[in-house]
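A short worksheet on the structure shown next.
Both ligands and their constituent atoms are indexed starting at 1 by order of listing.
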Amino acid sequence: MKILAILGMILLFNSCNDQTAEVQRLQSQVDSLRSQLDSTYKPGFGEFMSEIQVHHEKLWFAGINQNWKLADFEINEIKESLGGIKSYCTDRPESKYLGMIDPPMDSLAAAIQTKDLPKFKAGFTVLTQTCNSCHQEVNHGFNVIQIPETPPFTDQVFKISH
Ligand code: HEC
């Protein structure tokens with residue numbers, strides 16, 4: 001009887017030890033994953049903005065050349081970058097102003113869908129004003145966006161003959 005009790009205690013002791021070891025192993029895995037996550041590269045707000053800048057420029061030349069498929073592509077690229085800010089820049093207080101860009105983006109997208117050049121030009125102007133409204137709102141008023149004057153790249157053809 002005594003031997004059984006002792007055996008039981010030994011088993012219990014060992015299983016507690018096993019459990020502690022397992023918890024420690026899992027904890028160290030969690031710690032290592034956490035530190036990997038912390039050092040994972042995340043694009044910053046400014047990087048998304050630089051992407052948006054390029055697509056904003058291209059969008060203008062696509063639109064005024066009535067290359068509507070390219071215009072549609074470019075506006076979706078802007079949407080993707082805005083989505084990137086929403087996903088990756090939640091720690092930035094400026095992100096809360098992003099919503100102001102949705103209405104001008106929607107009406108510009110509608111102009112592209114209906115291939116309406118005057119509506120495209122007007123919509124692009126409002127979009128550009130909204131870029132600046134946000135920059136002013138978030139103390140980046142020194143960063144002024146305008147309708148581009150020349151195409152950003154010479155190796156891309158904006159006007160396509162149909
Ligand atoms: C939610 C507010 C907001 C909106 C809307 C917005 N921006 Fe920005 N933009 C910022 C902030 C904040 C920065 C500074 C980012 C940083 O910390 O690097 C910035 C920076 C920039 C920069 C500077 C990037 C650089 O490194 O030189 C450009 C260019 C830019 N934005 C273009 C645009 C364009 C074009 C639009 C409209 C299509 C736009 N932004 C709309 C908030 C906004």
[X] side, atom [atom1]; [Y] side, atom [atom2] - distance, nearest 0.5 Å:
X: Met49; Y: Asn143; atom1: CE; atom2: CG; result: 9.0 Å
X: Gln24; Y: Asp31; atom1: CD; atom2: CG; result: 11.5 Å
X: Glu47; Y: Ser81; atom1: CD; atom2: OG; result: 11.0 Å
X: Thr90; Y: Lys96; atom1: OG1; atom2: NZ; result: 13.0 Å
X: Asn65; Y: Trp60; atom1: CG; atom2: CH2; result: 10.5 Å

Grouping I, L, V, M, F, W and Y whenever their side-chain heavy atoms are under 4.5 Å apart, do Ile147 and Ile75 come out in a common cluster?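 Yes, same cluster.
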Out of curiosity, is Glu47 lining ligand 1, as in a heavy atom under 4.0 Å away?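 No heavy atom of Glu47 comes that close to ligand 1.
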Can you sort out which atoms of ligand 1 are near [X], meaning under 4.0 Å from one of its heavy atoms?
X: Cys131; answer: 34 (C), 35 (C), 36 (C), 37 (C), 38 (C), 39 (C), 41 (C)
X: Val138; answer: 12 (C)
X: Gln53; answer: 29 (C)
X: Ile101; answer: 5 (C), 37 (C)

Could you report the tightest heavy-atom contact between Thr130 and Ile101, atom names first, then the distance?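 Looking at all heavy atoms of both residues, the shortest contact is CG2-CA, 4.0 Å.
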Who's the nearest protein heavy-atom neighbour of [atom], and how far?
atom: atom 18 (O) of ligand 1; result: Gly46 CA, 3.2 Å
atom: atom 30 (C) of ligand 1; result: His135 CE1, 3.4 Å
atom: atom 19 (C) of ligand 1; result: Met49 CG, 3.4 Å
atom: atom 11 (C) of ligand 1; result: Phe45 CE2, 3.7 Å
atom: atom 3 (C) of ligand 1; result: Cys134 SG, 2.6 Å
atom: atom 23 (C) of ligand 1; result: Asn143 ND2, 2.9 Å
atom: atom 32 (C) of ligand 1; result: Ile145 CD1, 3.5 Å

At under 4.0 Å between heavy atoms, is it the side chain or the backbone of Leu98 that contacts ligand 1, or both, or neither?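 The answer is both.
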Run down the list Pro148, Ser133, Ser50 and name the one with the heavy atom closest to atom 24 (C) of ligand 1.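 Closest candidate by heavy-atom distance is Ser50.
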Measure from atom 13 (C) of ligand 1 to every heavy atom in His140, Glu51, Lys96, Gln129 and give the option owning the shortest one.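 Minimum heavy-atom distance to atom 13 (C) of ligand 1 goes to His140.
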Derivation and outcome, side chain to side chain donor-acceptor pair (under 3.5 Å), residues Thr128 and His56: CA-CA 9 Å; Thr128 307; His56 174 264; 3.0 Å; yes
Can you confirm, on distance only, whether ligand 1 has an N/O atom lying under 3.5 Å from any N/O atom belonging to Arg92?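 Yes - when backbone and side-chain N and O of Arg92 are compared with those of ligand 1, one distance drops under 3.5 Å.
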Would you check if there is a donor-acceptor pair between the side chains of Glu94 and Asn139 at a distance under 3.5 Å?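 Judged by distance alone, the side chains do not pair up.
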Check the surroundings of atom CD in Glu149: do more than 12 heavy atoms from other residues, nucleotides or ligands lie under 6.0 Å from it?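 Incorrect, the count does not exceed 12.
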Using the side chain to side chain donor-acceptor pair (under 3.5 Å) rule, take Gln156 and Lys58 through it: C-alpha gap first, then chi angles, then the decisive distance, then the call. CA-CA 9 Å; Gln156 186 168 5; Lys58 290 185 177 186; 3.0 Å; yes
Would you confirm whether any non-hydrogen atom of the protein falls under 4.0 Å from atom 26 (O) of ligand 1?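 When distances to the protein are checked, atom 26 (O) of ligand 1 has a heavy atom within 4.0 Å.
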